[in-house]
Amino acid sequence: MGKTSAAFVRETMLPPEPPPMRERGVVKWLHENLFPTPVSTVLTVLGVLIIWFLVDHFYAWFAHSVWNASSLPECREIIAATWGEGASGACFAVIRERWNQYVFGFYPPDLYWRATMTFGMLFVALAPILFSESREIRRIVLVVASVLTLLSMMELNAPGVWMGFAVLVFLGALTLAERRAGWLLIFSALYPLLGVWLLWGGSVWGPAMVLAGFGLGWLAFVLVGRISPVLAAAVAILAALLFWTLLAREVAQFAGWLLPLSIRAVASDQFGGFLLSITIGVAGIALSLPLGIVLALARRSDMFLVTSLAVIFIEFIRGVPLITLLFVASLLLNYFLPPGTNFDIILRVIIMVTLFAAAYMAEVIRGGLAALPRGQYEAADSLGLDYWKAQRLIILPQALKISIPGIVSTFIGMFKDTTLVTFVGLYEPLKSISDAVRNNIAWKGIYWEPFIFSGAIFFIICFSMSRYSMYLERRLQRDHR
Amino acid sequence: MSKAMTRDIDTSRTAVTDEVAIEISGMNKWFGSFHVLRDIDLTVHRGERIVIAGPSGSGKSTLIRCINRLEEHQSGRIVVDGIELTNDIKNIDKVRSEVGMVFQHFNLFPHLTVLENCTLAPIWVRKTPRRQAETTAMEYLEKVRIPEQAGKYPGQLSGGQQQRVAIARSLCMQPRIMLFDEPTSALDPEMIKEVLDTMIELAEDGMTMICVTHEMGFAQAVAHRVIFMDQGQIVEQNNPHDFFHNPRSERTRLFLSQILGH
């Protein structure tokens, strides 16, 4: 070494060393997340105390659960006998005893399999839409749905013919899902009719006439489209409407006389429990999204009348409580309809719930539309795409993607709101069914357990929707490098 | 010149014909009460390349946006390829499918891949079979030298690459006229050249081009005619040599000294 020299040459290289103790693993995590500052430390201790208090308070109640008993007093006896006089405990035996009412309401017990099969096939209809890009997820969803549905149907003593039908549908779906997933969308399109028929029963010709009306409309659209594309849509709608109002009933009767294909009918007032919630929820979700899109586009339209109508509709529906709409559905609609028309109460409720959700949906989607830069519209215009093509191919895919969190929130809110149908005398699971259960002297006074059970099921369904929306957002992410 | 072009353009395949591509006469436009374009007369011939320059707010972008009806004019006539622009939506869509446009901010569709960006309009507007549209798209992507990015999403590309994709996307419609609205203004300096080179190649193929730009080197090398606009009016137009070396209007001289001064 010289006396003073700026020059320096390293002779040995330093080997890498692990970071100091407090910068590693558990210690680091604790330090960073729980005890970084004195205030945080106090908050952490407070949080732990609160959690401890809650667990201490409720643990015993859960731990002392009774699952096997035929009445609430019997539950209490068992708890007192096992855990001593004065011990608290949950009586989930009520769920074990009455689960069928929570799930199916007053649906005929020998037809439970029909509702179960309809629910299972819902996944066949949804798989190609929800998981259009992942064959693996589609396969898992279909296999799990098939196996569970068929096992439950067997347990519920489904007739052999229908077991065969279910097996056929599931096997067909599994095969198509592997080879040509797009074709499964045909099943998705037919599912609403199939589902309605299976749930409510009756002659197969009822739903068939609905389908025939669509077919007729499409035929008119194609035929008139050759002459005048502008008229085609109007003529198609008119043709379908005329067929449904004037001809459908007679044709259905005639067809039923020729080939009486019908299954046992179930009336709407026999629906209840989660069967009812899911029926209304799924229908509402499926219908409110397209209606919401149309309303959002209408509200942003250049045409004064279209915009005004959309604004009035949205603001009116949003400004009125859902219960009001449900009362209108149950009471007032009858005054406006021709006497003698039997307009199903569940259908009326579905319409109201759909309109209600669609108004919110429209605003959520409008937010997504507004978030798109104007350049996207201009680029689409400059390439010669017309309004509908630009909306369908460029604008909506992006706007809907932006709106996914809001859309799913609306769905979740709507699904939970289906419990409000209790006010129009339908047997939703949270209150109506529980009331019905409590009406029996054996279960008089049981409150918490049914609420916890129904709440848990609602939570599972809503949480699944939320997770799906996160999955979808991740899948549609395009800006990663 | 602010940016010397690397080479002069090869004019063997280019020719300005007598055929009129765009005819604008007595055209006026207002934004509300603001008179943004005043009495514009402009005739563009097939094969002609025009550069429009001018200070910001002079109406140059608005002018070319009127040509494919992204903006509506309130009086006068605009005839593109023999079709007059009126409220008739069919005519507008027809003009738009014949006139390509490249934007300052690219305006690629971020939810579609580069290839899908290029095939979308041919498939949905021209009804070209998908396979054929993809072949054409790949040809144009090769022309702008980014075929290897065809499967990526626009967000994964640099600004210069995105702008070249935007050019390819317009070309896939096989337009007869191309409009460029400040195509290099949003780019980092080192990416400007790759986009200008692409535009020069296009010029060498004989494309009718109208280009709003501040790249005066490009104007000098490529344009047949330079138009200077100020306050919504055409102040001066001339061939590039005389325009740059012998500007006649005081306003033009001031503008040129400001953008070429350093």
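Per chain, numbering begins at 1; letters A, B, ... match sequence-line order. Side-chain atoms are counted along with the backbone in the values below, which use heavy atoms only and exclude waters and symmetry mates.
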Can you confirm whether more than 12 heavy atoms, excluding those of Asp188(B), are under 6.0 Å from its CG atom? yes
Yes or no on side chain to side chain contact (heavy atoms under 4.5 Å, CB included) for Glu378(A) and Arg65(B), after CA distance, side-chain angles and deciding distance? CA-CA 10 Å; Glu378(A) 291 179 350; Arg65(B) 288 158 62 86; 2.6 Å; yes
Would Asp381(A) and Leu70(B) count as a side chain to side chain contact (heavy atoms under 4.5 Å, CB included) if you check the C-alpha gap in whole Å, the side-chain angles of each, and the deciding distance to 0.1 Å? CA-CA 7 Å; Asp381(A) 282 347; Leu70(B) 288 183; 3.7 Å; yes
Whatever's closer than 4.5 Å to a heavy atom in chain A on Val95(B) counts as neither
The interface call for Asn68(B) against chain A, heavy-atom contacts under 4.5 Å, is side chain
One should read off an interatomic distance between Leu385(A) CG and Leu120(B) CG, to the nearest 0.5 angstrom, of 5.5 Å
Top of Ala380(A), Pro397(A), Ala379(A) for chain B proximity - count of heavy-atom pairs under 4.5 angstrom: Ala379(A)
Side chain, backbone, both or neither: which part of Arg169(B) has an atom under 4.5 Å from a heavy atom of chain A? both
What are the two closest non-hydrogen atoms of Arg478(A) and Pro110(B), and how far apart are they? CB-O, 3.6 Å
Could you check whether atom CZ of Phe187(A) has more than 12 heavy atoms from other residues, nucleotides or ligands sitting under 6.0 Å from it? yes
Measure distances from Glu71(B) to the heavy atoms of chain A and classify the residue's part below 4.5 Å as side chain, backbone, both or neither. side chain
Given heavy-atom pairs under 4.5 angstrom as the criterion, report whether the side chain, backbone, both or neither of His111(B) touches chain A. both
Pairwise distance CZ(Phe103(B)) to CD(Gln376(A)) - rounded to 0.5 angstrom: 10.0 Å
Could you tell me the separation between the CE atom of Met173(B) and the CG atom of Leu383(A), rounded to the nearest 0.5 Å? 6.5 Å
Ile89(B) versus chain A, the contacting section by heavy-atom distance below 4.5 Å: neither
Between CD1 of Ile394(A) and CH2 of Trp124(B), what distance do you get to the nearest 0.5 Å? 10.5 Å
Which distance, rounded to the nearest 0.5 Å, do you find between the CG of Leu179(B) and the OG of Ser382(A)? 9.0 Å
Using atom types as modelled and distance alone, determine if a side-chain donor or acceptor of Lys389(A) lies under 3.5 Å from a backbone N or O of Val125(B). no
Verify the neighbour count for atom CZ of Arg318(A): are there more than 12 heavy atoms of other residues, nucleotides or ligands below 6.0 Å? yes
